[in-house]
Structure formats: structure tokens, C-alpha cells
Amino acid sequence: MIRVEEAEALIQAQARNYRIERVPLDQALGRVLAIDLKADRDLPPFNRVAMDGIAIKYAAFENGLRSFSIDGTQAAGDKPLELPGTESCIEIMTGAALPASADTVVRYEDLEIAGGKATVLAEEIVRGQNLHVQGKDKKEGEVVAPANKLIDAALVGLAASVGATELRVKTLPKVVIISTGDELVDIDQQPLPYQIRRSNSYTIQAALQKYKLHADLLHIPDEVTAIRERLTQCLEQYDVIILSGGISMGKFDYIPQVLEELLVKKHFHKVQQRPGKPFWFGKHANGVVVFALPGNPVSTFMCLHRYFVPWLKACIGLDVDSKVYASLSRDFNFIPSLQYFLQVSISISATGQLLATPFEGNGSGDFANLVEADAFMELPLEKTTFKAGEVYRIWPFKPLF
Ligand SMILES: Nc1nc2c(c(=O)[nH]1)N[C@H]1C(S)=C(S)[C@@H](COP(=O)(O)OP(=O)(O)OC[C@H]3O[C@@H](n4cnc5c(N)ncnc54)[C@H](O)[C@@H]3O)O[C@H]1N2
Ligand code: MOO
Ligand SMILES: [Mg+2]
């Protein structure tokens, strides 16, 4: 049995870039940017007027002029209207491009308009006020969003503003989720009294959708021939195979032997952890990686979040170093010498700390408990008593805020 950290290192060593693909902007949300996105123009592209009012030459005000003749009106999107003289002003709207002959905007609230004249009422005005200066945010050609950024709405907006109608994103690996076990029926079936529905596949498929990864589902009965045939096909058609079940000590747990027969090289089998001890991981010479997760639903769920998701993030370059910690809200004991992944519910204390309250459930078959819990807290196998206030790493499986 290997340690959690060793299993993690062996898996992360198999992270690789899959490819880059172009997606239309309206399908890019949730994907990972593959190359830097650059400004096609200065941002803002001109001296953008930030308040509705009048545009003047500051020097006239500085020389004591307070009443300016109004010589035109410029809306946002109009070609700039130059001032005919230093005693002139134009009415100008927010979002308009400031004419070169003006350098200051006085908003309507600080003016009086009468008889074709605008009189400045404000005691003090500042040269260049109420302007968003050209290029202040980003210069043309500057990176506005770096590669490996998760594409969110803000980034979509920025891409739209620089005219990127499509984005180059990291290609996601092609994944198949395989369930095995003759006790399992599909979710639209009415199970016999001694059967269950194969929920793990749907849990895994749903968890991967967060990363815009749409995995296929496949069920294989507990027969060596069927397992061998279907796994052979999957090794040809997919980049990644995620199995759930059939890898422990049972007489019908054929998966490890068939994987090895099909030349999927075992990197490890069994990890010093609970849940998830019988976890198997390997890779075929053709590059296909195989995550054979233990069948107990909480084991599958934990191994998916502790091992598969970090591997996927490493493949697509997504926040690979991000770690989240929380402090235990009460004492907890776990005797066996195994790394324990305690289910916890997370709250935020008045001092802004993440508090983890144990929410154990009835063991790794109790997937109902996962509906209430928010994360797994990783408790080191070196200790058996864990005190309130102690801080440990957590593996959230729900948004925390
Ligand atoms: N003698 C031993 N028995 C077991 C050991 C052991 O070390 N010695 N390990 C236990 C642990 S820990 C786990 S975890 C399970 C894992 O076993 P498998 O990976 O072989 O999983 P299965 O036996 O196929 O199923 C376990 C359990 O999970 C249910 N299951 C399986 N697939 C699904 C699915 N797709 N959806 C919902 N539920 C599923 C299955 O019905 C079983 O109840 O082994 C222990 N045994
Ligand atoms: O590995 Mo287990 O403890 O049933 O999930
Ligand atoms: Mg089994």
C-alpha cells in the first residue's frame, strides 16, 4: 500500500497537455484559455468622457473665464467636435471621444446653461477631470488575459471588447466512465430487492461537467470476456478511462487482472487512506490513463476529487497550486493508521476563517451524506486525535461561497 502523497505524485506525473482548439466565444465560458489574449487597441481606445457635461480648454478657466459659448453637441460615437475657440465649449456625453482641442470636462451638475452659454458654478475644477485617459487600462498589444486563465464572464466581456469572436482553449481529454457489477441496474430501471441503480457513473459525470468535460457512460457486466472486449475498445477510443468498482478482494472483481492483461501498466493498487483504499491507477503504452476508483460511492467521490480533478487541472493548466485549508470546529478521533478523508460542512467564522464541522455519515457507502457535506478534510495518518482549532487541507466538492 502506498501513501496518499505518493499516489498523488504518481498520478500528477502523468498529467499532459491534450491539444488546443478554437471555440466560439459563446461556448468558451468555463474553458481554460490556451494562449494569452491581447488588446487589439488601447483600452480605452480614446480619451473617454466619463461624465455628461461640457468640454473646455482648462487654460481659459485658469485665466478666469467662467462663461463659455456652447458651440455644438457631441454624443458618444460621434466624430470629435473640435472647439472653435478658447472661449467655446461643446456639450459632450459620457462615452464620447474627447476632441483634441479640449482637455477638461465639467459635468452638468456644476454648470448653469442659459442663452447658449454654459457658466461654470464650481469654485474649483481640475485640468483633465472627468476623463478616462486613452490606454490607461491597457496598451495595444498588451496581455489582457494570460493563458491558463479560467474563462469567466469578465474574461468573455474582455474578449468581446477586443473582437475575439472565438478563443483558443485547452482541449479536454476524451473520458469514458465505466461501471461494473451485476447488482447494478440503470437509473430508469426498477431494481429488484437485491439490486441498486448505478449512481456512481452519474455522480462522476456530473462532477466533470463543472470543467465542461462531457464524459461517456458505459456499463459492463461482471464477466471477464465482456470486460476485456469493452476495455480494449475504450483503450482505442478514449484518452482516459474512469472505472468505479470491481477492484477490491471480491471473486468478481476482475478489473485489475484484465487491465494488466491488456497491458495497462499498474502504477499502484491500494493507498493508505480511508475511504478509497483499493484505488488502482495505471497507464497504457498508448498514453491512455486509467483511474480505477473503488466502488463504494463515497470512495469513488473522494478519489475523483482528491486525485482525478487535480490531474485534470494539471492537464489544462488550471490553478494547479491552489490549496484550501480550514480549521476543525471540534475535536475528532480516527484510530486506524490511514489518511482519513473526513466529510465536513464548511462555514465562515466572523473572523473570516473557514470552519470545518465533521459530518461523518455512515461510512463510504453512505452517499446520501454527501448531499449535506461540503468537502473532505484530509487528516494525516500520523495522528489519531485531531483537536478543535487545528488546521488541515480540505478538498471542497461544492462552491464554498
Ligand atoms: N475483504 C475485503 N473486502 C473489501 C475490502 C478489503 O480491503 N478487503 N475493501 C473494501 C473497500 S475499502 C471498498 S472501497 C470496496 C471497494 O470494492 P470494489 O472497488 O471492488 O467495489 P465493488 O465491490 O464493485 O462495490 C463496492 C460497493 O459499491 C457499490 N457500487 C459499485 N459500483 C457502483 C455504482 N456504479 N453506483 C453505485 N454503487 C456502486 C456496490 O454495490 C458495493 O456496495 O471493497 C470493500 N471490500
Ligand atoms: O475504501 Mo473504502 O473505505 O470503503 O471506501
Ligand atoms: Mg468488490
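Keep in mind it's a predicted model, so treat the numbers as computed, not measured. Note that ligands are numbered from 1 as they come in the structure, with each ligand's atoms numbered from 1 the same way.
Remark: side-chain polar atoms of T300 are not paired, donor with acceptor, to backbone N or O of P297 under 3.5 angstrom.
The shortest heavy-atom contact between V264 and G282 is CG1-C, 3.9 Å. Shown here for I90 and P99, the closest heavy-atom pair between the two residues is CD1-CG, 3.7 Å. For the residue pair Q343 and L370, the shortest heavy atom distance occurs at OE1-CD2, 3.4 Å.
The atoms of ligand 1 that sit less than 4.0 Å from any heavy atom of S179 are 35 (N). Within ligand 2, counting atoms from 1 as listed, the ones closer than 4.0 Å to a heavy atom of P275 are 1 (O), 3 (O), 5 (O). Below 4.0 Å from some heavy atom of P278 lie the following atoms of ligand 2, by number and element: 1 (O). Near G246, meaning under 4.0 Å from one of its heavy atoms, ligand 1 places the atoms 18 (P), 19 (O), 20 (O), 21 (O), 22 (P), 24 (O). Less than 4.0 angstrom separates some heavy atom of R274 from each of these atoms of ligand 2: 3 (O). Of all atoms in ligand 2, numbered sequentially from 1 with element shown, those under 4.0 Å from a heavy atom of S364 are 2 (Mo), 3 (O), 4 (O), 5 (O). When each atom of ligand 2 is checked for a heavy atom of K277 under 4.0 Å away, the hits are 1 (O). Shown in contact with K277 at under 4.0 Å from a heavy atom are these atoms of ligand 1, numbered in order with element: 7 (O).
With a heavy-atom cut-off of 4.0 Å, S199 touches ligand 1 through backbone and side chain alike. Heavy atoms of P294 found under 4.0 angstrom from ligand 1 belong to the backbone as well as the side chain. No part of T300 comes within 4.0 Å of ligand 1, judged by heavy-atom distances. At a 4.0 Å heavy-atom cut-off, ligand 1 touches N200 through backbone and side chain alike.
On a distance-only criterion, G276 and ligand 1 share no N/O pair closer than 3.5 Å. Some N or O of I247 is nearer than 3.5 Å to an N or O of ligand 1, by distance alone. Checked against a 3.5 angstrom limit, the closest N/O atoms of S248 and ligand 1 fall inside it. For the pair D253 and ligand 1, the shortest N or O to N or O distance falls below 3.5 Å. Between G276 and ligand 2, at least one pair of N/O atoms sits closer than 3.5 Å.
For E91 and Y108, the side-chain atoms include at least one donor-acceptor pair closer than 3.5 Å. In summary, the side chains of Y340 and K383 do not present any donor paired with an acceptor at a separation below 3.5 Å, with no hydrogens or angles considered. At a cut-off of 3.5 Å, with distance as the only test, no side-chain donor of Q134 or N47 sits close to an acceptor on the other residue. With hydrogens and angles left out, the side-chain atoms of W311 and Q14 include no donor and acceptor closer than 3.5 Å.
Considering C303, G295, S299 only, the shortest heavy-atom separation from atom 30 (N) of ligand 1 involves G295. Of the listed options H219, M249, R198, M249 places a heavy atom closest to atom 1 (N) of ligand 1.
A salt bridge does not link K174 with D239: none of the charged nitrogens is closer than 4.0 Å to a carboxylate oxygen. Comment: R107 does not engage D52 in a salt bridge, judged by the lack of any side-chain N to carboxylate O separation of less than 4.0 angstrom. Salt bridge status for E378 with R306: present, with a side-chain N to carboxylate O gap under 4.0 Å.
Considering only non-hydrogen protein atoms, atom 12 (S) of ligand 1 sits nearest to P278 CD, 3.8 Å. Scanning the protein heavy atoms around atom 38 (N) of ligand 1, the nearest turns out to be I196 CD1, 3.5 Å. Counting protein heavy atoms only, atom 13 (C) of ligand 1 is closest to N296 ND2, 3.5 Å. Protein heavy atom at the shortest distance from atom 40 (C) of ligand 1 is E183 OE2, 3.1 Å. Among protein heavy atoms, atom 5 (O) of ligand 2 sits closest to S299 OG, 2.0 Å.
Distance check, rounded to the nearest 0.5 Å: CD of Q272 to CZ of F279 gives 15.0 Å.
Within the structure, ligand 1 lacks G250 among the residues with a heavy atom less than 4.0 angstrom away. Ligand 1 does not have G365 within reach: every non-hydrogen atom of the residue lies 4.0 Å or more from it.
For the pair R66 and F61, the cation sits on the ring face: its NZ or CZ lies under 6.0 Å from the ring centre, inside 45° of the axis.
Heavy-atom contacts from other residues, nucleotides or ligands closer than 6.0 Å to CZ of R228 number more than 12.
A distance below 6.0 Å separates the ring centres of Y392 and F386.
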